[in-house]
2 protein chains.
Amino acid sequence: MSHSMPPIAPGPAHNVPDLESRAAPEDHQDLRLWLRMLTCCNLIESELRSRLRTEYETTLPRFDLMAQLLRVPGGMKMSELSRHMMVTNGNITGITDQLEKEGLVERVKVASDRRSSLIRLTTKGKRIFRKMAQSHEEWVRAMLGGLSEKSRNNLFEALGELKLLAQPQLSGRN
Amino acid sequence: MSHSMPPIAPGPAHNVPDLESRAAPEDHQDLRLWLRMLTCCNLIESELRSRLRTEYETTLPRFDLMAQLLRVPGGMKMSELSRHMMVTNGNITGITDQLEKEGLVERVKVASDRRSSLIRLTTKGKRIFRKMAQSHEEWVRAMLGGLSEKSRNNLFEALGELKLLAQPQLSGRN
DNA sequence: TATTGTTATACTCTATAACTATA
DNA sequence: TATAGTTATAGAGTATAACAATA
């Protein structure tokens with residue numbers, strides 16, 4: 001997009017119908033705020049999903065799992081991955097299976113606890129992930145980069161506040 | 001939650017591992033901002049999905065479709081719904097089929113264009129949706145309500161700006 | 001020819017739950 | 001008993017594509 005793709009349906013940059021357009025005048029501010037945030041996230045997320053699929057034949061969860069691993073050269077336990085990615089253990093097994101089959105990650109047995117293994121990126125996995133991550137970051141920049149400095153800061157601060165509010169609400173999932 | 005459910009794993013309200021925790025110091029601000037926004041959205045969205053499922057045996061897309069319809073008593077064409085909800089036509093057909101089977105919406109043939117029909121809420125659908133919507137709004141308030149007035153306003157403004165930036169990037173999907 | 005809606009299909013992601021092997 | 005990971009299953013959600021009817 002920003003780097004090359006012309007918008008197919010340029011249209012007006014305002015008033016595109018979306019989830020928020022269902023909000024009624026009498027709806028409370030929190031609801032409108034949520035619909036607006038959801039719309040933004042969905043726009044960006046579906047763009048990223050689509051790009052990952054068409055340009056790298058991968059998916060967001062697979063990308064996320066590899067992203068988690070990149071920072072921890074020694075690898076992570078599946079239960080750790082499960083916590084970070086906020087999905088259940090079985091799902092981590094499935095995604096890991098796929099990535100392992102393609103030689104992007106490997107399971108490494110550890111002596112200290114014979115039940116668990118460490119998952120880590122292979123050399124090939126690192127190489128490929130770095131390329132994907134660079135593209136990914138460009139896509140994100142293309143979508144967020146137009147924000148004013150003030151909005152960017154405000155957004156970051158407010159979302160930080162929100163994350164703290166929303167997290168403790170969550171029940172454990174594993 | 002806020003209204004009754006105690007957090008199962010209270011834990012510290014800070015430093016809970018999530019998607020953002022993969023961000024490296026050298027990562028650009030836009031990427032961190034995106035990860036933070038994604039985490040917030042996922043937290044809230046999965047809470048809403050889970051509530052809709054356990055308390056009303058429904059799903060977010062079904063809820064969204066009914067929400068779109070509530071404001072338009074005359075009904076909407078499926079292609080309109082498809083645009084607003086940003087999913088393909090076939091998916092709208094599927095969701096509509098389910099809702100129609102449960103008597104919550106109905107297809108109404110129109111004379112002007114015999115290819116299309118209008119989808120609208122039935123009386124039962126309106127009644128049930130109003131209840132769900134009220135709960136939904138309470139859940140959202142419980143999660144966003146703790147934000148300071150300033151953050152709420154900043155967030156709303158900044159997301160409005162972002163929505164305009166992100167929308168024109170999108171290619172048409174139908 | 002283009003559009004509306006339907007159908008069929010395939011795939012990813014997810015939660016749940018039962019299971020094993022360790023701890 | 002509790003934990004780490006696996007397996008099986010079922011369902012949600014989505015995209016794609018072929019299709020019929022109509023515009």
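Lettering follows sequence order; numbering is per chain, from 1. Since we're looking at a predicted model, the values are computed, not measured.
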When you get a sec, tell me which of [options] is the closest nucleotide to the side chain of [X]?
| X | options | value |
| --- | --- | --- |
| B:Thr88 | C:dT14, D:dA15, D:dG13 | D:dA15 |
| A:Thr93 | D:dT14, C:dA15, D:dT7 | D:dT7 |
| B:Met78 | D:dA21, C:dG5, D:dA12 | C:dG5 |
| A:Arg115 | D:dT14, C:dT22, D:dG5 | C:dT22 |
| B:Ser116 | C:dT7, C:dT4, C:dT14 | C:dT4 |

**Request:** Could you check whether B:Arg107 gets within reach of a base, just the sugar-phosphate, or nothing at all, counting any heavy atom under 4.0 Å?
**Result:** sugar-phosphate
Rounded to whole Å, how long is the line connecting atom [atom1] of [X] with atom [atom2] of [N]?
| X | N | atom1 | atom2 | result |
| --- | --- | --- | --- | --- |
| B:Tyr56 | D:dA12 | OH | P | 19 Å |
| A:Ile95 | D:dT6 | CD1 | C1' | 15 Å |
| B:Leu52 | C:dT14 | CG | C1' | 16 Å |
| B:Met85 | D:dT14 | CE | C1' | 12 Å |
| A:Leu65 | C:dT12 | CG | P | 15 Å |
| B:Arg53 | D:dA10 | CZ | C1' | 13 Å |
| B:Asn89 | C:dA2 | CG | P | 17 Å |
| B:Leu99 | D:dA12 | CG | P | 12 Å |

**Basic-acidic side-chain contact under 4.0 Å: A:Arg152, A:Glu149** = yes
**Message:** Taking the basic N atoms (NZ, or NE/NH1/NH2) and the acidic carboxylate oxygens, is any pair closer than 4.0 Å for A:Glu102 and A:Arg62?
**Reply:**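 Looking at A:Glu102 and A:Arg62, the cut-off is met.
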**Message:** Base of D:dT22, side chain of B:Arg114 - is there a donor-acceptor contact under 3.5 Å?
**Reply:** no
**Asked** Under 3.5 Å, is there a donor-acceptor pair linking the side chains of A:Ser151 and A:Asn154?
**Response** no
**Prompt:** Reckon B:Ser79 has a side-chain N or O less than 4.0 Å from the OP1 or OP2 of C:dT3?
**Reply:** no
**Request:** Establish, with yes or no, whether the OP1 or OP2 oxygen of D:dG13 is under 4.0 angstrom from a side-chain nitrogen or oxygen of A:Arg49.
**Result:** no
**Request:** Please figure out whether A:Ser112 or A:Leu60 has its closest DNA chain C nucleotide nearer the 5' end.
**Result:** A:Leu60
**Message:** Nearest heavy atom decides the nucleotide; on that basis, is A:Thr59 or A:Gly90 closer to the 5' end of DNA chain C?
**Reply:** A:Thr59
**Prompt:** Which residues satisfy the ring-ring contact (aromatic ring centres under 6.0 Å, His included) test with B:Phe156, sequence neighbours excluded?
**Reply:**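 So B:Phe156 forms no ring-ring contact (aromatic ring centres under 6.0 Å, His included) with any residue.
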**Request:** Of all the heavy-atom pairs spanning A:Val110 and A:Ser116, show the shortest one and how long it is.
**Result:**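 In terms of heavy atoms, the two residues are closest at CG2-O, 3.6 Å.
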